[in-house]
Amino acid sequence: MSLSSSSKFGNQQCTGLNGFNGWMFSQEKDFPHSDTQTLRQSAITGNLRSCSPAIDQKIKSACIIKIVCSAETIMDEIEYAKLYQELAAILNEFNLGWVVEQVADTVEIGKVIEERSLKRKTPLLKIEDYTAKEQLLLLIDAVEQATVNTSEMEDEIAYFLKVESETSPLGTKITFANSGGETAKTIEFTSSVTAPRHKQAIALKHLLEKLPSGPSNYAINSEIKSKLKNSIDPDFNGVAEQSSIFDAYLFTILLKAVANEGGNIYYNNVLDDETPRYLTFRKTAGKIHGTAHPYTHAVVEFPDKPALEVHLGVKVQGRAGVLHNCNVLILYQKEANICRLLNREPRHSQVILAVKSEHSTSELKLEMAGAFIGLASDIRYEGGSYFISNSYSQPVAKLLTTARKKWELNIFPRATNDVHRLMYSFQTIFKDFKARN
């Protein structure tokens, strides 16, 4: 039975217990006074056996339906809340508590509802709480982001590295390291490693989709735990690690755009000019000249054009003389060489393209877009700056569009249309670069 049931009798419709009582009591003229009083009491107590035989049997059935529906609605909400807590406990057990926290932040903010009127051009906005079922669905979607979508990104990175290794010494591992010299983490990107995880993540997705329509039980929880365990890398499933994977995935999209535009690509690191055996990226934005690790960058060359470099996680100096974090950055190689020589940060005037990325398993917060708009006002890049996320938010999209900023949301492998649009947008940047230089 659905959460909101209705019963129809003749031309009368009952849409809730209160609605039924209104319908019932409006029919007092059809029944003797004693029968009406009995009916009122019976509807309240749920005891219909005391109703007079003169009362139509259809009305008795309506009372039963409404009482059962009301009880089922309450029980459904309790069951959804229970399922939410059980799933959250499982995620915490596998060090995915940050996923639960991101969903909890979204739930705390509430959902925005638009109230439109023919008298007003702009709709009135109000905030409503998420129901228990909606909260459960948010958490299920978040788990899908952290498992299915991330494993797909890993597959894409693995394929990219496989293709690159066919024409260069580049291997299939990527090291992510902080600029401060802390212990680095290395992850293997090969299909033999990523494909089994992706298969388990898909199976987990199918299990989770059944939760809202079925009761929770030990067998389901055990199966969810098994699939979840096999769909993640236990040493690389934190919020920072998944953000790093997302940036590496954007790195591959950007270099595909370079290749499509006829550019030649090879790789260097900050310590020497030799092609590195493995890629090494910063986990957080740092100095382009930092030597705590052999940080890698891609060198891009178009025929008879100035060479460019593509970096992950570096800072750029804005017009106001402050430094901005860039998840992905393309700048002139001449500027990068000067920065490494003089130990300074790149100037915004020498940057072709910059990307601010936000990886999230829940709906994007509006302040993320607000911060990007503020930062973008202090920088003037040839190709512009982009706000890119794997997640989505209608208010964020609306704000960025109104502010005339470049953005793409829902960027993950299965969203092929969005990914291709982003890649083609990057290609336009390189097309314009070749025309200008």
Side-chain angles (χ1 to χ4, degrees), residues 1-7 13-20 64-94 96-116 123 125-149 201-225 227-228 231 360-366 390-396 409-410 412 414-415:
M1 185 174 293
S2 65
L3 292 180
S4 57
S5 300
S6 63
S7 301
Q13 185 171 7
C14 166
T15 57
L17 192 53
N18 291 333
F20 172 76
I64 295 172
I65 290 172
K66 290 300 107 184
I67 293 169
V68 172
C69 286
S70 179
E72 284 190 357
T73 300
I74 295 172
M75 291 306 296
D76 283 344
E77 289 295 290
I78 294 173
E79 186 68 16
Y80 291 137
K82 179 184 176 184
L83 287 171
Y84 182 98
Q85 293 301 325
E86 289 179 351
L87 182 56
I90 292 174
L91 294 174
N92 283 316
E93 183 179 336
F94 289 94
L96 289 170
W98 59 272
V99 175
V100 181
E101 291 175 2
Q102 289 187 350
V103 173
D105 288 343
T106 298
V107 170
E108 184 177 1
I109 294 171
K111 57 182 177 180
V112 178
I113 304 298
E114 291 186 354
E115 289 186 343
R116 296 187 174 273
L125 305 179
K126 67 176 183 178
I127 298 176
E128 289 186 356
D129 293 333
Y130 287 98
T131 66
K133 182 178 182 179
E134 288 171 335
Q135 293 179 38
L136 176 62
L137 292 175
L138 286 175
L139 188 56
I140 290 174
D141 288 341
V143 175
E144 182 177 344
Q145 285 277 14
T147 56
V148 179
N149 292 359
I202 293 294
L204 173 64
K205 177 179 182 290
H206 293 156
L207 278 177
L208 293 176
E209 288 174 345
K210 297 177 182 179
L211 281 183
S213 59
S216 174
N217 57 65
Y218 179 80
I220 293 178
N221 284 348
S222 298
E223 202 168 354
I224 288 175
K225 287 182 180 181
K227 299 301 182 185
L228 182 60
S231 64
S360 177
T361 58
S362 191
E363 183 173 308
L364 291 172
K365 295 181 180 179
L366 191 61
N390 66 308
S391 187
Y392 186 81
S393 166
Q394 178 61 32
V396 167
L409 307 180
N410 275 343
F412 51 89
R414 272 180 297 118

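Just so it is clear, the values below take in all heavy atoms, side chains as well, and ignore hydrogens, waters and symmetry mates.
Put simply, the side chain of Ile140 reaches to within 4.5 Å of the side chain of Leu87, judged on heavy atoms. Using a 4.5 Å heavy-atom cutoff, the side chains of Leu208 and Leu204 are in contact. The closest side-chain heavy-atom distance from Leu96 to Leu228 is below 4.5 Å. Contact of the Leu136 side chain with the Pro212 side chain is registered, since non-hydrogen atoms from C-beta on lie closer than 4.5 Å. Here the side chains of Arg414 and Val148 are in contact, with some heavy-atom distance below 4.5 Å. Considering only heavy atoms from C-beta on, Gln135 stays 4.5 Å or farther from Val103 through its side chain.
Note that NZ of Lys111 and OG1 of Thr131 are 6.0 Å apart. Values are rounded to the nearest 0.5 Å. With rounding to the nearest 0.5 Å, the separation of CG in Leu138 from OH in Tyr84 is 8.0 Å. In this structure, the separation between CG on Leu83 and CD1 on Ile78 is 12.0 Å, given to the nearest 0.5 Å. The CD atom of Gln145 sits 9.5 Å away from the CD atom of Gln102 when rounded to the nearest 0.5 Å. If you take CG on Leu91 and CG on Leu139, they are separated by 5.5 Å, rounding to the nearest 0.5 Å.
A donor-acceptor contact closer than 3.5 angstrom links the side chains of Thr106 and Ser362.
Annotation for Tyr392 and Asn410: closest pair CB-OD1, 3.5 Å, computed over non-hydrogen atoms. In plain terms, the two heavy atoms of Ser360 and Ser391 that are nearest each other are O-CB, 3.6 Å. Among all heavy-atom pairs drawn from Lys133 and Glu77, the shortest one is N-OE2, 4.2 Å. When all heavy atoms are compared, the tightest approach of Ala142 to Val99 is CB-CG1, 3.5 Å. Residue Ala146 comes nearest to Trp98 through the heavy atom pair CB-CH2, 4.4 Å, listed as atom of the first residue, atom of the second, then distance. Nearest heavy atom pair, residue Phe94 against residue Lys225, reads CZ-O, 3.6 Å.
For Arg116, the side-chain contact (heavy atoms from CB on, under 4.5 Å) partners are Glu114, Pro123, not counting sequence neighbours. Scored by the salt bridge (Lys or Arg N to Asp or Glu O under 4.0 Å) test, Lys365 finds Asp105 as partners (sequence neighbours excluded). Residues passing the salt bridge (Lys or Arg N to Asp or Glu O under 4.0 Å) test with Glu209 are Lys205, sequence neighbours excluded.
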Can you check side-chain contact (heavy atoms from CB on, under 4.5 Å) on Asn390 and Asn149, steps first, answer last?
CA-CA 9 Å; Asn390 66 308; Asn149 292 359; 5.5 Å; no
